[in-house]
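Sequential numbering from 1 along the given sequence is applied to the chain's residues.
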Amino acid sequence: MAGYLLKNCAAVIVDEGKGPTVQRNVDILTNGRAIQAIGEDLGQSELPVGTIVEDATGWFVYPGLVNTHHHFFQCFVRNRADLDWTKLSVIEWLDRIYPVFSRLNEDCFYHASVTAMAELIKHGCTTAFDHQYCFPRHAGKRLIDRQFEAADLFGMRFHAGRGGNTLPKSKGSTIPDQMLETTDEFIGDCERLIDSYHDASPFSMRQVVVAPCQPVNCYRETFVESVALARDRGVQMHTHVGEGESPVIAARHGMRTVDYCAELGFAGPDAFYAHCWELTHDELRKMAASGTGVSHCPEPVYLVGAEVTDIPAMAAFGLRVGLGCDGAASNDNSNLMHCLHSAYMLQCLAASTRLHRVPAPVDFLGYATTGGAALLGRSDIGRLAPGMAADLFAIDTRRMDYVGTRHDPLSLMAKVGIGMPTDLTMINGRIVWQKGEFAGLDEARLFAEAEAALSTVEF
């Protein structure tokens, strides 16, 4: 693989492990999958054979963003004004949306994944975790296999969350019968995927996470078996927690969701939960003490209109925090860069009601980079420094959009927001998006194929 020299970068966000700093007017040299050097005048000495020089004048270069919660398949169920969150509770909304999800076929899952990954990459995301819990019987069991196929198409670093639902509606879940699996089915396919795809080596492009959908829609044994498998195979665990289900879990099990998950062992440094907007400070402290992480998805918080996730408290208590887009049915886009800005603005909205101060804008960049890497158990991604994976994106700031902002690259995305695709996105040392095009791919063809797959489903 050829290396690249990004020459004369206006600013590079460098992190040697002690927090991000800005280096001005420097070069970045990559060699294969890794960053070799960051500094001034790197091209003055002899470059490795095959190095491609890119003029980076005016560019701000950032570590690739890490998405820690999504549902790619929902890209085929978005912009649906009839599914009005403002008039529904989360549980009511799930009752309405799951029958829609259950109609998708295998090709829909593949092309929806292509759609989501394309948008993520265009906006600086280089590593994505997807929580794929929708397995309609007619669609078969190879849906995550097709997601890895989609990731290979783009060259995206992909963590697949094998989700599933096991509790029938007759026992209190929101899941249509055609989407149910048994615990044995679910665990068996998790094992198959780990054996087939999981790679724990440095710069890994494929990993698998055991991710039962949520406690409210699964039998207790599903979570118990998930913990046993994940710990045996050394993989991460993930589920939804604290998004409106806690009273239901309390009525069903005599305790709220955080305590229920902890009792089952589904907590710790190898576990992270999505959402957590309704959790108490005591629950957040318990999670911090156990090392359990949080994927904060700001966009659904606007839609639900209830509690605003208490990120200041999470930061004060020392929780591990990452950012996620969440599924397009509750977000309508796959733009993690936009979520970074939304996350900061959402906390500003609620600042006067908090006991703790809103974290600095740069901290939100951290949630989307080093924070996300930590949730996924990765130490080789999330920051720019020699020896780290060559995952990055660049913004040419020589535009009117950035007048008056360029003095502080660290705060730019959270404070100002970036309203356009990147000028370049690199993953694992390979440029995958540049000057409005995907490397080696025809976006018009991808669009037509996705629209054709969507047209085969009646909603």
Side-chain angles (χ1 to χ4, degrees), residues 13 15 19-20 62-63 65-70 85-86 90 123-125 129 240-244 246 258 272-288 292-327 330-375 382 405 407-419:
I13 309 305
D15 187 343
Y62 292 89
L65 305 182
V66 181
N67 185 22
T68 57
H69 187 73
H70 209 319
W85 275 73
T86 65
V90 173
H123 296 95
C125 180
F129 166 81
H240 295 92
V241 168
E243 58 167 344
S246 290
V258 168
F272 63 107
Y273 305 154
H275 302 306
C276 299
W277 64 55
E278 67 178 5
L279 301 187
T280 67
H281 282 190
D282 282 346
E283 289 169 331
L284 295 178
R285 288 188 183 95
K286 288 177 183 177
M287 289 174 58
T292 307
V294 173
S295 174
H296 171 46
C297 303
E299 303 287 330
V301 178
Y302 289 101
L303 291 174
V304 174
E307 300 92 342
V308 174
T309 316
D310 199 342
I311 298 299
M314 293 180 183
F317 301 154
L319 264 81
R320 298 183 299 128
V321 177
L323 282 188
C325 288
D326 201 21
S330 59
N331 180 348
D332 292 298
N333 68 63
S334 298
N335 184 340
L336 189 63
M337 192 185 296
H338 182 265
C339 291
L340 197 160
H341 178 56
S342 292
Y344 174 70
M345 298 302 289
L346 183 66
Q347 296 305 317
C348 293
L349 175 69
S352 64
T353 69
R354 299 302 197 199
L355 294 176
H356 305 91
R357 294 175 64 89
V358 174
V362 65
D363 292 338
F364 288 81
L365 175 61
Y367 301 148
T369 52
T370 52
L375 289 192
T405 72
H407 62 97
D408 187 1
L410 291 172
S411 300
L412 177 62
M413 273 185 284
K415 283 281 288 180
V416 180
I418 294 175

[X]: partners by side chain to side chain donor-acceptor pair (under 3.5 Å), with sequence neighbours left out:
| X | value |
| --- | --- |
| T292 | S290 |
| T280 | E283 |
| D332 | none |

Residues forming a side chain to side chain contact (heavy atoms under 4.5 Å, CB included) with [X], sequence neighbours excluded:
| X | answer |
| --- | --- |
| R357 | none |
| A316 | H356 |
| H341 | M345 |

Inter-residue atom distance [X].[atom1] - [Y].[atom2], 0.5 Å rounding:
| X | Y | atom1 | atom2 | value |
| --- | --- | --- | --- | --- |
| I311 | L346 | CD1 | CG | 8.5 Å |
| L336 | N67 | CG | CG | 5.0 Å |
| C339 | E299 | SG | CD | 4.5 Å |
| H123 | N333 | NE2 | CG | 8.5 Å |
| C297 | L323 | SG | CG | 8.0 Å |
| D310 | T353 | CG | OG1 | 7.5 Å |

Nearest atoms (heavy-atom pairs only) where [X] meets [Y]:
| X | Y | result |
| --- | --- | --- |
| S334 | C325 | C-SG, 3.8 Å |
| V358 | A351 | CG2-CB, 3.7 Å |
| P298 | H296 | CD-O, 3.5 Å |
| T68 | S295 | OG1-OG, 2.7 Å |
| V321 | M314 | CG2-CB, 4.1 Å |
| G382 | A373 | CA-CB, 4.3 Å |

Under the ring-ring contact (aromatic ring centres under 6.0 Å, His included) test, residues paired with H275 that sit two or more places apart: H69, H240, W277
Holding to ring-ring contact (aromatic ring centres under 6.0 Å, His included), I want the full list of residues that pass it with F129, two or more places apart in sequence or in another chain. H238, F272
Examine the side chains of N331 and H70 and answer whether a donor and an acceptor come within less than 3.5 Å of each other. no
Output a table of donor-acceptor pairs, distance under 3.5 Å, between side-chain atoms of residues 362-370 and any protein atom two or more places apart or on a different chain; print 'none' if there are none.
unit_1: D363; atom_1: OD2; unit_2: A360; atom_2: N; d: 3.3
unit_1: T369; atom_1: OG1; unit_2: L365; atom_2: O; d: 2.8
unit_1: T369; atom_1: OG1; unit_2: G366; atom_2: O; d: 3.4
unit_1: T370; atom_1: OG1; unit_2: G366; atom_2: O; d: 3.3

Set of salt bridge (Lys or Arg N to Asp or Glu O under 4.0 Å) partners for E278, sequence neighbours left out: none
Not counting sequence neighbours, which residues clear salt bridge (Lys or Arg N to Asp or Glu O under 4.0 Å) with D326? List them please. none
Validation row: M287, C276 side chains within 4.5 angstrom (heavy atoms): yes
For residues 409-419, tabulate all N or O donor-acceptor pairs below 3.5 Å that involve a side-chain atom, not counting sequence neighbours.
unit_1: S411; atom_1: OG; unit_2: D408; atom_2: OD2; d: 2.7

Closer than 3.5 angstrom, by distance alone: can the side chain of R354 be matched with the main-chain N or O of P312 as a donor-acceptor pair? no
